[in-house]
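Step one of this worksheet: look at the structure below.
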Amino acid sequence: MSPSSEDAANPAPTGVGNGPAVSRREFDALFEAVRTWGRWSPADRGAWNRVTADHVRRAAARVRTGTVVPLALPWNTRPGPDNRKPALHHMTDLGDVEAPEPSTHKDFIAADYHGKGTTHLDALCHIAYRGQLYDGRTAHEVVDAAGARFGAVSTLGPLVTRGVLLDLPAALGIPWLEPGRAVHARDIVAAETALDVTIGEGDAVLLRSGQVRRREELGAWDPDTASAGFHVDALPLLAERGIALLGGDGDSDVRPSPVDGVHSPVHALAVAAMGMPLLDNLDLEALSAATARAGRYDFMLVVAPLNVPGGTGSPVNPVAVL
């Protein structure tokens, strides 16, 4: 499954499908190949343990213009094919609840955020494969109705590191990747060359497929049925580079899944095998424009999830600083 160095150096012509298909046996072998169980302490921070003070200082040194780019979608309260469980937002005080001066206005928000409509971070307790969370913890022993006792988002804390935008449409000279298009290891290497950027240890890698632009121009569709994202053959390369975080304007998985019986194989490999949190449903359009203007595709990235004890993740508004 891992591409040879010759394949990476000489990328094959770009395809349009989600394949090649991967058997369950091949996938399980890949899971074992990228697994990092037992590597870090504390284990439930997983790959975020890669990011040291030196990484933070290097990320800060990438700031040149001071341009700040938020990466979250708007809070989405409208149902649609890509937002089956809309977020909630309603007013609880219109200046008529408390004493008259000063008047106050208050609201309530809530979200079942592990979907396609809310920008969020997946913590390590979010994904189990074959009944096990990252580091071999048995899921039903550490996750119950009260939340998670291992791998919770509250354990992660904030992350500041170098971010790399894999802007595939910019690299290919197209407006977006069509839903169902798999991004392979060879595509990553080709994009690094086209964008003059190299993914390194401790980096956060953000994949822009252009689906936000496609939605704006063509309308919504069901991304559970078809979305651009990584094929599983990209994960060994990302594991070799030692990245700390993976994200994108989708949920990182190409859909339909190329793996028989595994609906979110990149989630299983990244979170459960590699201990790497995921950022889902980013809006990378403004960042694409900003990096193109700057002529560079790396930046300082700040990710600050909510401190939810036992939480499986958090809505989040990551910020890129160029």
Side-chain angles (χ1 to χ4, degrees), residues 1 15-35 46 79-86 111-134 136-140 143 148 151 153 177-185 187 205 207 209 211 214-215 220-236 238-239 245-282 311-313:
M1 290 300 300
V16 295
N18 71 324
V22 177
S23 72
R24 191 65 172 270
R25 179 183 60 80
E26 291 173 317
F27 179 76
D28 285 347
L30 183 57
F31 188 96
E32 294 304 314
V34 300
R35 192 163 60 95
D82 55 352
N83 194 25
R84 297 177 184 174
K85 298 179 179 179
D112 188 351
Y113 57 86
H114 283 299
K116 310 301 182 184
T118 301
T119 302
H120 66 271
L121 180 76
D122 291 343
L124 299 191
C125 60
H126 176 51
I127 297 293
Y129 182 61
R130 296 177 300 198
Q132 290 183 304
L133 300 178
Y134 178 68
R137 307 302 174 100
T138 301
H140 71 79
V143 183
V153 70
L177 305 183
E178 285 296 330
R181 158 72 152 85
V183 174
H184 299 274
D187 297 312
V205 174
L207 171 65
S209 71
Q211 79 165 29
R214 188 184 192 278
R215 187 186 192 280
W221 71 96
D222 181 1
D224 281 329
T225 300
S227 62
F230 289 108
H231 190 277
V232 296
D233 69 13
L235 271 293
L238 297 174
L245 175 66
L246 186 63
D249 52 10
D251 71 356
S252 293
D253 267 288
V254 66
R255 300 184 190 282
S257 168
V259 183
D260 181 41
V262 183
H263 63 80
S264 300
V266 169
H267 276 64
L269 294 176
V271 180
M274 298 166 63
M276 185 166 59
L278 295 176
L279 277 175
D280 293 348
N281 313 322
L282 299 169
T312 63

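Start at 1 with the first residue, then count along the sequence.
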For this session: Not counting sequence neighbours, which residues clear side chain to side chain donor-acceptor pair (under 3.5 Å) with Arg25? List them please.
Result: none
Exercise. With sequence neighbours excluded, what pairs up with Thr225 under the side chain to side chain contact (heavy atoms under 4.5 Å, CB included) test?
Worked result: Asp222
Problem set entry | Spacing of CD1 belonging to Ile127 relative to CD belonging to Gln132, to within rounding of 0.5 Å | 14.5 Å
Exercise. Partners of Arg24 by salt bridge (charged side-chain N to carboxylate O under 4.0 Å, His left out), sequence neighbours excluded?
Worked result: none
Problem set entry | Backbone of Pro256 reached by a side-chain donor or acceptor of Asn18 within 3.5 Å | yes
Problem set entry | Pairs meeting criterion side chain to side chain donor-acceptor pair (under 3.5 Å) with involvement of residues 256-266, two or more places apart | Arg255-Ser264
Exercise. Do Phe31 and Met274 touch side chain to side chain, with heavy atoms closer than 4.5 Å?
Worked result: no
For this session: Identify, with sequence neighbours excluded, every residue that meets side chain to side chain donor-acceptor pair (under 3.5 Å) alongside Ser209.
Result: Asp249
Exercise. In terms of side-chain geometry, is the basic nitrogen of Lys116 or Asp280 positioned less than 4.0 Å from the acidic oxygen of its partner?
Worked result: no
For this session: Show your working on side-chain contact (heavy atoms from CB on, under 4.5 Å) between Val232 and Leu30 and close with a plain yes or no.
Result: CA-CA 8 Å; Val232 296; Leu30 183 57; 3.8 Å; yes
Exercise. Are Ser252 and Leu207 close enough that some pair of their side-chain heavy atoms sits under 4.5 Å apart?
Worked result: no
Contacts table for residues 265-273: side-chain donor-acceptor under 3.5 angstrom, sequence neighbours left out:
{"from": "His267", "atom 1": "ND1", "to": "Asp253", "atom 2": "OD2", "distance (Å)": "2.7"}
{"from": "His267", "atom 1": "NE2", "to": "Asp122", "atom 2": "OD2", "distance (Å)": "3.3"}

Seminar exercise, completed: Output for pair (His114 NE2, Asp251 CG), nearest 0.5 Å, gives 11.5 Å
Exercise. Is it true that the NZ or CZ of Arg35 lies under 6.0 Å from the centre of Tyr134's six-membered ring and within 45 degrees of the ring axis?
Worked result: no
Seminar exercise, completed: When Val254, Leu246, Asp187 are each screened for side-chain contact (heavy atoms from CB on, under 4.5 Å) with Phe230, the one that passes is Leu246
